[in-house]
Novice: 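Let me begin by handing over the structure; questions about it come next.
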Amino acid sequence: MTSILFGILLYFATLMFVVGTLYRIGTYTRTPAPLKIPTTPAPITTGGVVLRMMREVVLFESLFKANLWTWAAGWLFHASLALVLLRHLRYFTEPVWAWVAFIQPFGMYAGITMLLGVAGLWARRIFVERIRYISTPSDHLMLALFMVIAISGLVMSFIEHTDVVAVKGFMLGLLHFAWLHSDIQTLPSNIVLYLHLLMVAVLLMIFPISKLLHAPGLFFSPSRNQADNSRDKRHISGWAKQLESGK
Ligand code: HEM
């Protein structure tokens with residue numbers, strides 16, 4: 001019964017995550033960017049913009065220049081999260097790809113560095129007065145969610161092991177819609193695993209209505225995605241072009 005409830009919950013959460021995030025990205029694409037406002041010094045070609053964006057995504061370059069402590073905690077958290085998520089691919093693929101097998105040990109320790117990163121970001125919100133003042137409950141909620149997910153994951157990895165083969169069987173069953181031929185595998189009954197999955201479902205569901213949208217949002221930021229070419233090319237947004245041509 002618990003397995004069926006978790007199955008339904010995970011399907012529902014994934015649906016909300018995919019549809020909600022696509023909807024949000026749709027609104028971002030339609031939002032006009034009437035002004036030419038790249039943060040200077042900025043690249044003057046599209047290739048340069050792509051390179052700058054890549055440095056932003058991989059290295060968090062502008063945060064590095066702005067605040068070294070926030071950068072250190074933020075980068076540690078995000079890089080570790082990426083590794084942890086890639087390590088999780090083993091629960092969804094059969095056979096497991098060689099590179100996923102290779103990163104397993106790194107991914108396991110990345111769970112610890114992810115937790116350290118979240119702790120650093122949370123300490124900043126609590127102890128830096130300026131930041132405490134502007135922090136909202138949702139800022140704390142997001143950090144709490146990641147913390148509970150990381151701790152419950154680490155408990156399963158290092159202390160109270162769960163049957164990962166059964167977890168994989170359950171996940172693959174969901175992916176292949178095995179329940180259609182009533183062939184659903186059950187989840188191991190483990191309270192830590194239930195907590196982990198419940199929090200992951202909450203994370204997926206609130207993603208499209210949360211600050212976590214900064215992930216896709218970064219790519220739509222005019223101050224980062226524009227080239228500094230206003231002397232060569234007139235900047236005019238789509239709706240203004242329509243006004244000019246009298247349509
Ligand atoms: C439905 C999706 C997920 C499933 C089935 C799942 C399952 C698991 C399992 C079984 C473990 C224990 C691994 C072991 O014993 O070796 C684990 C660990 C962990 N999980 Fe998840 N998890 C999911 C999603 C996530 C997400 C979205 C995050 C992060 C936001 C996350 C973060 C972690 C961390 C930090 C660990 C500890 C480090 C590690 O072993 O990788 N999990 N997860």
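We count ligands from 1, going down the list as the structure has it; atoms in each ligand are counted the same way. Sequence positions, counted from 1, serve as the residue numbers for this chain.
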Novice: Run the side-chain contact (heavy atoms from CB on, under 4.5 Å) check on Asp139 and Thr136 step by step: do they pass?
Specialist: CA-CA 5 Å; Asp139 291 319; Thr136 61; 3.1 Å; yes
Novice: Atom 36 (C) of ligand 1: which protein heavy atom is closest, and how many Å away?
Specialist: Gly153 CA, 3.5 Å
Novice: Within a radius of less than 6.0 Å around OH of Tyr11, do more than 12 heavy atoms belonging to other residues, nucleotides or ligands occur?
Specialist: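 More than 12 within 6.0 Å, yes.
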Novice: Whether the side chain of Arg24 engages the backbone of Pro208 through a donor-acceptor N/O pair (distance < 3.5 Å, no angle test) should be reported.
Specialist: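 Looks like yes, one N/O pair under 3.5 Å.
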Novice: Considering the heavy atoms of Leu197, write down every atom of ligand 1 situated less than 4.0 Å from one of them.
Specialist: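 Contacts of ligand 1 toward Leu197, numbered from 1: 1 (C), 3 (C), 4 (C), 5 (C).
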Novice: Taking the side chain as everything from C-beta on, heavy atoms only, tell me whether Arg125 gets closer than 4.5 Å to His140.
Specialist: yes
Novice: My understanding is that we take every heavy atom of each candidate and find the minimum distance to atom 38 (C) of ligand 1. Doing that for Ala150, Ser80, Ser152, Ser157, which one comes out nearest?
Specialist: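 Among Ala150, Ser80, Ser152, Ser157, the closest heavy atom to atom 38 (C) of ligand 1 belongs to Ser157.
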Novice: Do you know which N/O/S atom name in His88 is closest to atom 21 (Fe) of ligand 1?
Specialist: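 Nearest to atom 21 (Fe) of ligand 1 within His88's N, O and S set: NE2.
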Novice: Salt-bridge test for Arg124 and Glu129: reply yes if a basic N is under 4.0 Å from a carboxylate O, no otherwise.
Specialist: no
Novice: If you measure from CG on Leu121 to CE on Met142, what distance do you get to the nearest 0.5 Å?
Specialist: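 Reported value, rounded in 0.5 Å steps: 14.0 Å.
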Novice: Determine whether any heavy atom of Phe146 lies closer than 4.0 Å to an atom of ligand 1.
Specialist: yes
Novice: Which one of Gln104, Met171, Met156, Arg87 has a non-hydrogen atom at the shortest distance from atom 15 (O) of ligand 1?
Specialist: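 Ranked by closest heavy atom to atom 15 (O) of ligand 1, first place is Met156.
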Novice: Would you sort out whether Ser230 and His235 count as a side-chain contact (heavy atoms from CB on, under 4.5 Å), showing the intermediate values?
Specialist: CA-CA 7 Å; Ser230 50; His235 177 74; 5.8 Å; no
Novice: Considering only non-hydrogen protein atoms, determine which one is nearest to atom 24 (C) of ligand 1 and report residue, atom name and distance to 0.1 Å.
Specialist: Val200 CG2, 3.5 Å
Novice: Note the single closest protein heavy atom to atom 28 (C) of ligand 1, along with its residue, its atom name and the distance in Å.
Specialist: Ile149 CG2, 3.6 Å
Novice: Just to be sure I'm reading this right: ignoring hydrogens, which of Met147, Met114, His196 gets closest to atom 33 (C) of ligand 1? Compare them by their nearest heavy atoms.
Specialist: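 Looking at heavy atoms only, His196 sits closest to atom 33 (C) of ligand 1.
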Novice: Taking only heavy atoms of Val164, which atoms of ligand 1 are found under 4.0 Å from at least one of them?
Specialist: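 In order of numbering, the contacting atoms are 14 (C), 15 (O).
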Novice: Hey, are Ser80 and Thr113 close enough side-chain-wise for a donor-acceptor pair under 3.5 Å?
Specialist: yes
Novice: Tell me, with the steps shown, if Glu61 and Arg52 meet salt bridge (charged side-chain N to carboxylate O under 4.0 Å, His left out).
Specialist: CA-CA 9 Å; Glu61 186 181 44; Arg52 178 195 218 186; 5.5 Å; no
Novice: Could you establish whether Leu85 and ligand 1 come within less than 4.0 Å of each other, counting only heavy atoms on the residue side?
Specialist: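 Contact present.
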Novice: Students should be able to answer this: which protein heavy-atom is nearest to atom 34 (C) of ligand 1, and at what distance?
Specialist: Val84 CG1, 3.7 Å
Novice: Below 4.0 Å from any atom of ligand 1, is there a heavy atom belonging to Arg90?
Specialist: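 Yes.
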Novice: Tell me which one of Phe158, Tyr91, Phe92 gets a heavy atom nearest to atom 2 (C) of ligand 1.
Specialist: Phe92
Novice: In terms of atom number and element, which parts of ligand 1 are under 4.0 angstrom from non-hydrogen atoms of Leu81?
Specialist: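 Reading through ligand 1 atom by atom, the close ones are 29 (C), 30 (C).
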Novice: Look at atom CH2 of Trp75 and say whether more than 12 heavy atoms of other residues, nucleotides or ligands are closer to it than 6.0 Å.
Specialist: no
